[in-house]
Amino acid sequence: MADVNTEGLEILMSTRSTKKFAAASAIAMVSVAGSANAEFLTGAAYYTSAVASSEFSSSYVIGNIFDNDMNTQWAISSYAQTNPQGRDVGWFSFTLDQAYSIDAIRLAPRFATGTVDGFDTVNIWVGTSSFGVDVTSASSTSSFLATNTSASWSRTGNFSGLQTFTPVAPIVGQYVLVQLINTSDNGTFRNLGLREFAFSANAVPAPGAIALLGLAGLAGRRRR
């Protein structure tokens, strides 16, 4: 029986394994960057450093909108007329725990558009770096709007109950700024806000992880 070149066999197997690893990693990257495996993110662990233009009371804090509980709410202090941007505009900002590719937005208003505590328009800006906006300052938000007229996603219409909206294309980023605008609710006691807010998203691989996967692919090609 002829001798078997075990060293050559080991090299061949190693090369095949490296190629399989590189291919599997590439598939994983596509899965993460795409929308097939996207899940709604809920809970304060994902939505960090949340700040609102104002909060009606300690029972209506901004953190309530991320908890996947429709019974908790956030509301601006409009009736008391202490919201910096006035009675009909509410702002909040937060930072996601990492960069994501966002393919859907789920939100629920306090009450339907046109009724007390409702709103008509939502504008959302998503970025890979901080917008540097203090939502508790009217001058800061006004200054931002002067040069950032186009939001990453915007919608005007009827908001009623828990609804899911899909951007034309996934939005990639980590820093988020949101503006709500009321035009049709003229109730004296209006305090617009939300019951729920969440993103459907996939984590975006860090640049370092992408580089490592690229090196793995190169190693597979070199060891032929």
Side-chain angles (χ1 to χ4, degrees), residues 22-52 62 65-68 74 89-109 113 119-133 135 141 143-183 192 194-214 217:
S25 299
I27 291 171
M29 285 179 64
V30 171
S31 176
V32 168
S35 61
N37 298 321
E39 296 181 358
F40 277 102
L41 311 177
T42 58
Y46 294 107
Y47 307 93
T48 68
S49 306
V51 180
I62 190 62
I65 67 175
F66 307 121
D67 61 5
N68 201 29
W74 160 66
V89 180
W91 288 81
F92 63 94
S93 63
F94 59 88
T95 303
L96 293 166
D97 65 314
Q98 64 182 81
Y100 287 92
S101 176
I102 301 159
D103 65 3
I105 300 158
R106 186 175 71 184
L107 59 84
T113 298
F119 61 85
D120 300 81
T121 298
V122 58
N123 295 311
I124 301 176
W125 291 266
V126 180
T128 55
S129 58
S130 174
F131 292 104
V133 177
V135 295
T141 52
S143 177
F144 171 79
L145 288 175
T147 56
N148 295 272
T149 56
S150 180
S152 302
W153 183 81
S154 179
R155 184 180 186 277
T156 297
N158 181 36
F159 296 90
S160 178
L162 188 63
Q163 295 172 283
T164 299
F165 304 96
T166 304
V168 174
I171 307 169
V172 177
Q174 183 174 9
Y175 299 87
V176 183
L177 191 60
V178 182
Q179 178 194 43
L180 305 179
I181 303 172
N182 164 54
T183 54
L192 66 82
L194 294 170
R195 292 177 180 269
E196 194 64 28
F197 185 96
F199 286 141
S200 169
N202 283 308
V204 175
I210 295 174
L212 287 174
L213 290 174

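Between W125 and F144, the distance from one ring center to the other falls under 6.0 angstrom. In this structure, F199 has its ring center at least 6.0 angstrom away from the ring center of F40. Taking the six-membered ring for Trp and the full ring otherwise, F159 and F165 have centroids separated by under 6.0 Å.
Side-chain atoms of T156 and D120 form no donor-acceptor pair, as typed in the model, at a separation below 3.5 Å. In summary, the side chains of N123 and S154 do present a donor paired with an acceptor at a separation below 3.5 Å, with no hydrogens or angles considered.
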TODO: Take N182 and V89 through the test side-chain contact (heavy atoms from CB on, under 4.5 Å) and record every step on the way to the result.
DONE: CA-CA 6 Å; N182 164 54; V89 180; over 6 Å; no
TODO: Please lay out, stage by stage, how V135 and L177 fare under the test side-chain contact (heavy atoms from CB on, under 4.5 Å).
DONE: CA-CA 9 Å; V135 295; L177 191 60; 3.5 Å; yes
- [ ] Could you walk me through whether W153 and V122 pass the side-chain contact (heavy atoms from CB on, under 4.5 Å) test, one step at a time?
- [x] CA-CA 8 Å; W153 183 81; V122 58; 3.5 Å; yes
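Within the 4.5 Å cutoff, the side chain of L145 has heavy atoms near those of the Q179 side chain. A 4.5 Å side-chain heavy-atom check between L180 and T121 finds every atom pair outside the cut-off. The side-chain heavy atoms of F131 and S93, taken from C-beta on, include no pair separated by under 4.5 Å. Annotation: side chain of F92 is in contact with side chain of I65 (closest heavy-atom distance under 4.5 Å). In this structure the side chain of Y100 never reaches within 4.5 angstrom of the side chain of V172, judged on heavy atoms. Two residues are said to be in side-chain contact when any heavy atoms from C-beta on lie closer than 4.5 Å; D67 and E196 meet this criterion. Side-chain contact check for L162 versus R106: some heavy-atom pair is nearer than 4.5 Å. Looking at T128 and Q174, their side chains never come closer than 4.5 Å, going by heavy atoms from C-beta outward.
In terms of modelled atom types and a separation under 3.5 Å, the side chain of T48 and the main chain of T95 share a donor-acceptor contact. No donor-acceptor distance shorter than 3.5 angstrom exists from the side chain of S49 to the backbone of F94, with no hydrogens or angles considered.
Counting all heavy atoms, side chain and backbone alike, G173 lies closest to L96 at O-CD1, 3.9 Å. Heavy-atom minimum distance, A198 versus Y47: CA-OH, 3.3 Å. Here the closest heavy-atom approach between residue D103 and residue A38 is recorded as OD2-CB, 3.3 Å. Among all heavy-atom pairs drawn from S152 and I171, the shortest one is O-CD1, 3.8 Å. Minimum interatomic distance between V204 and S101 (heavy atoms only, all atoms of both residues): CG2-N, 3.5 Å. Taking every heavy atom of both residues into account, A151 and I124 meet most closely at CB-O, 3.5 Å.
Within 6.0 Å of OH on Y46 lie no more than 12 heavy atoms contributed by other residues, nucleotides or ligands.
In this structure, the separation between CD1 on I102 and CG on L41 is 8.0 Å, given to the nearest 0.5 Å.
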